[in-house]
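So that the names make sense, note that chain A is the first sequence line, chain B the second, and so on, each numbered from 1.
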2 protein chains.
Amino acid sequence: MATDQAARELGLMVDYLVLKLSGLIDVTADMKSALTMVCTTRATFARGDHVIQPGETFKSVYLIMDGWATRSKLTSSGARQIINFAIPGDFLCFNAALFRESEVFVRAHTRLEAFVVPIRPFSEMLLKQPQLAIALAWTAAQEEGIVSERLLSLGRRSALQRSAHLLCEIHKRLQTVRLVKETDQFELPMTQEDLADALGVSLIHMNRVLRNLSKTGLISIKRSSVRLLDLKALRSLAGFDDDYLHLPEHAA
Amino acid sequence: MATDQAARELGLMVDYLVLKLSGLIDVTADMKSALTMVCTTRATFARGDHVIQPGETFKSVYLIMDGWATRSKLTSSGARQIINFAIPGDFLCFNAALFRESEVFVRAHTRLEAFVVPIRPFSEMLLKQPQLAIALAWTAAQEEGIVSERLLSLGRRSALQRSAHLLCEIHKRLQTVRLVKETDQFELPMTQEDLADALGVSLIHMNRVLRNLSKTGLISIKRSSVRLLDLKALRSLAGFDDDYLHLPEHAA
DNA sequence: AGGCGGCACTAACATAGGTTAAAAAATGGT
DNA sequence: ACCATTTTTTAACCTATGTTAGTGCCGCCT
């Protein structure tokens with residue numbers, strides 16, 4: 001809370017990222033100005049727009065200001081798997097400096113507002129701010145942890161558990177950037193098909209599972225807003241343990 | 001081949017890593033000596049030994065010289081999911097400098113020979129050798145790509161396709177460090193249970209699938225040695241496209 | 001306000017893959 | 001070489017999830 005206000009009082013345009021990093025490291029004024037210095041160009045993507053596609057050459061790194069994005073892959077027969085979601089404060093194409101071209105689809109999942117940082121200035125900023133570089137590397141490593149945990153879900157948890165687990169994870173991640181209401185309610189701008197593609201189940205089964213979760217009073221969904229009615233039971237069902245997110249101790 | 005010999009003539013102890021990196025970057029003598037400088041302590045793990053366990057504090061990074069390792073996670077009910085395999089030239093606990101403690105099991109899958117590099121000297125080497133740091137970051141990013149592709153497999157490919165895909169991937173990765181014979185034959189020191197745990201299927205089903213692959217003449221297994229009899233057909237079945245490994249053009 | 005298009009939901013049926021149980025074969029230690 | 005373990009293989013049966021085929025709802029656009 002305090003951190004939240006501190007960040008906003010500075011009127012930073014990189015609020016969400018700072019929220020995510022503080023608690024983890026001490027975000028100095030220097031880092032903040034280095035970040036704002038480099039976050040000059042904004043871009044807006046319409047829902048469904050491709051930020052980048054497989055085979056396309058990386059040109060920039062993106063920092064999400066508002067909205068959701070997805071990283072996804074397709075099988076040769078056209079089936080889609082969503083690898084991960086990105087929310088405000090997350091980077092897109094963070095590995096742009098390492099690889100020439102993308103191997104995945106990065107799409108705006110809602111209307112998306114982001115800063116566009118060309119690779120060159122981004123790399124230079126990292127060289128000048130080693131502490132910040134480490135913090136952002138942490139961010140990337142955290143994402144790998146998230147993908148690993150999803151792999152565990154797809155490999156070894158039932159569709160019901162997977163779904164519960166994803167909801168717990170999103171809830172936690174959104175909390176980090178203060179996008180969850182007191183009532184454990186948050187916006188989840190995803191169709192059941194999107195969820196199915198993230199969890200490796202069919203659309204029909206996704207629907208069965210969601211209704212099951214609703215019927216048993218664990219969650220309630222209205223419009224694209226979800227409320228976790230019994231967080232404890234949901235986490236227990238999912239076998240959710242947030243260790244893999246490596247969040248700072250004090251996080252809610 | 002040429003690269004292979006060049007590396008071996010130098011009598012480097014970091015052969016496999018250099019093999020992996022060359023082609024990607026120009027591995028200078030400076031980098032090699034920085035690497036050998038830091039790779040002084042060797043450790044041998046017996047098959048099944050834990051290199052690190054969840055909750056345990058990171059102390060070192062490891063560079064595999066010989067043998068295989070796995071990164072795996074358990075569900076709360078004890079089911080295991082292997083996240084990835086590590087082969088000679090791969091690092092273990094590469095994120096040790098970023099996180100305090102491990103969230104996964106890292107185990108010696110065979111008898112394992114590795115260099116042990118304490119975090120401090122490892123970080124210092126990276127700071128002194130930015131080019132090498134970038135190459136190793138590339139390595140870490142490649143692993144994330146591998147995990148993502150496995151997620152696609154578990155989410156959207158049949159058990160048969162997944163199995164074929166994993167075999168194609170291991171074949172390709174082993175080729176990078178010259179551990180595949182001309183005949184597309186290589187050592188695969190894994191029980192069917194291990195493969196099952198990597199692919200998110202039951203042991204029994206894993207057995208069905210492997211016999212299917214053998215019966216249809218795609219592979220042959222004897223002892224812990226596998227031979228891909230029809231690489232083209234296997235890749236086609238798997239929908240295998242090695243783009244996600246981001247290998248240099250000329251790689252076999 | 002009406003109509004269109006995407007989503008959510010239902011139902012009946014099909015199957016890939018899971019479970020349990022047990023035998024055969026290979027491996028490794030002494 | 002022999003015994004103890006581990007690993008592979010078989011078989012019978014079961015279920016979670018997929019597929020196909022719809023209906024109806026809701027939000028958005030004009």
Worksheet entry | Shortest side-chain distance from B:Ser158, nucleotide among D:dT7, C:dG17, C:dT19 | C:dG17

Item to complete: Could you check how far CG of A:Asn207 sits from P of D:dT20, rounded to whole Å?
Response: 18 Å

Worksheet item: Can you tell me how far P of C:dC7 sits from CD1 of A:Ile221, to the nearest Å?
Response: 15 Å

Worksheet item: Are any of the side-chain nitrogens in A:Arg111 or A:Asp66 under 4.0 Å away from the carboxylate oxygens of its partner?
Response: no

Worksheet item: Under 4.0 Å between a Lys/Arg side-chain N and an Asp/Glu carboxylate O for B:Arg223 and B:Glu187?
Response: no

Discussion item. In whole Å, I'd like the distance from the NE2 atom of A:His109 to the P atom of C:dC7.
Written reply: 10 Å

Item to complete: Select base, sugar-phosphate, or nothing to describe what B:Ile204 touches, counting heavy atoms under 4.0 Å on all strands.
Response: base

Response to the item:
Here the distance between atom C1' of C:dA16 and atom CZ of B:Arg157, to the nearest Å, is 17 Å

Practice prompt. Would you mind reading off the distance between B:Arg211 atom CZ and C:dA25 atom P, rounded to a whole angstrom?
Written response: 14 Å

Worksheet item: To the nearest angstrom, how far is A:Arg156 atom CZ from C:dT19 atom C1'?
Response: 13 Å

Practice prompt. Using a 4.0 Å heavy-atom cut-off across all strands, classify B:Ser202 as base, sugar-phosphate, or nothing.
Written response: base

Discussion item. Assess whether a salt bridge exists between A:Arg235 and A:Asp242, defined as any Lys/Arg side-chain N lying under 4.0 Å from an Asp/Glu carboxylate O.
Written reply: no

Response to the item:
Residue pair B:Arg208/B:Glu193 against DNA chain D: nearer the 5' end by closest nucleotide is B:Glu193

Worksheet, complete the sentence: Between A:Leu203 and B:Gln192, the residue closer to the 5' end of DNA chain D by nearest nucleotide is B:Gln192

Worksheet item: Salt bridge check: are A:Glu149 and A:Arg157 linked by an N-O gap of less than 4.0 Å?
Response: yes

Worksheet item: Quick one: which of D:dT8, C:dC7, D:dG18 gets closest to the side chain of A:Arg47?
Response: C:dC7

